[in-house]
Amino acid sequence: MQIWREEVFGPVLCVKTFSNEDEAIELANDTHYGLGAAVISNDPERCDRVAKAFRSGIVWVNCSQPCFCQAPWGGIKRSGFGRDLGEWGLENYLSVKQVTQYISDEPWGWYQPPSKL
């Protein structure tokens with residue numbers, strides 16, 4: 001169904017049955033979007049496996065949609081790139097530049113030494 005594979009915002013719940021863990025992961029990842037996903041289980045090892053297997057920018061384990069300003073927020077695939085919030089969000093507004101200055105008076109390779117001003 002289209003609603004299962006698209007990114008829907010609002011008070012909507014999509015429910016689908018599955019036979020095993022692998023099928024659940026396959027169903028969850030069968031979309032062009034990847035903002036958020038959730039896994040609910042009493043088995044911590046299963047939660048860890050499934051969270052790692054989900055192709056999503058955010059995964060909630062035994063909860064749904066808490067937002068912490070220290071944690072990265074953002075999706076993958078058609079749900080965007082980059083991250084907001086935390087130090088990862090700050091990096092989106094920064095640009096890294098390399099500046100190298102040769103400070104010797106000796107020639108370097110085939111370059112002549114810089115003239116003194």
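Residues take their numbers from the sequence shown, with the count starting at 1. Just so we're clear, the structure is a prediction, and the values are computed from it rather than from any experiment.
Here the CG atom belonging to Asp22 is positioned 11.0 Å from the CG atom belonging to Leu27, to the nearest 0.5 angstrom. The SG atom of Cys14 sits 11.0 Å away from the CD atom of Gln2 when rounded to the nearest 0.5 Å. For the atom pair CD1 of Ile58 and OG of Ser79, the computed distance is 9.5 Å after rounding to the nearest 0.5 Å.
There is no path of hydrophobic side-chain contacts, each under 4.5 Å, that joins Val15 to Ile40. Linking Ile, Leu, Val, Met, Phe, Trp and Tyr residues whenever their side-chain heavy atoms come within less than 4.5 Å leaves Val39 and Trp60 in two separate clusters. Cluster membership check: Val61 shares its hydrophobic cluster with Phe54, using side-chain heavy-atom separations under 4.5 Å among Ile, Leu, Val, Met, Phe, Trp and Tyr. The same ILVMFWY cluster, assembled from side-chain heavy atoms under 4.5 Å apart, contains both Leu85 and Leu35.
The number of heavy-atom neighbours closer than 6.0 Å to CD of Glu26, taken from other residues, nucleotides and ligands shown, is 12 or below. With a 6.0 Å radius and a threshold of 12 heavy atoms from other residues, nucleotides or ligands, Asn42 has its CG atom at or below the threshold.
Side-chain N or O atoms of Arg78 include none that pairs as donor or acceptor with a backbone N or O of His32 at under 3.5 Å.
Here the closest heavy-atom approach between residue Ser56 and residue Ala37 is recorded as OG-N, 3.4 Å.
Residues Val50 and Ser41 form no side-chain contact, since every pair of their non-hydrogen atoms from C-beta on lies 4.5 Å or further apart.
Ion pair Glu21/Arg46 flagged as a salt bridge, since at least one NZ, NE, NH1 or NH2 atom sits closer than 4.0 Å to an Asp/Glu carboxylate oxygen.
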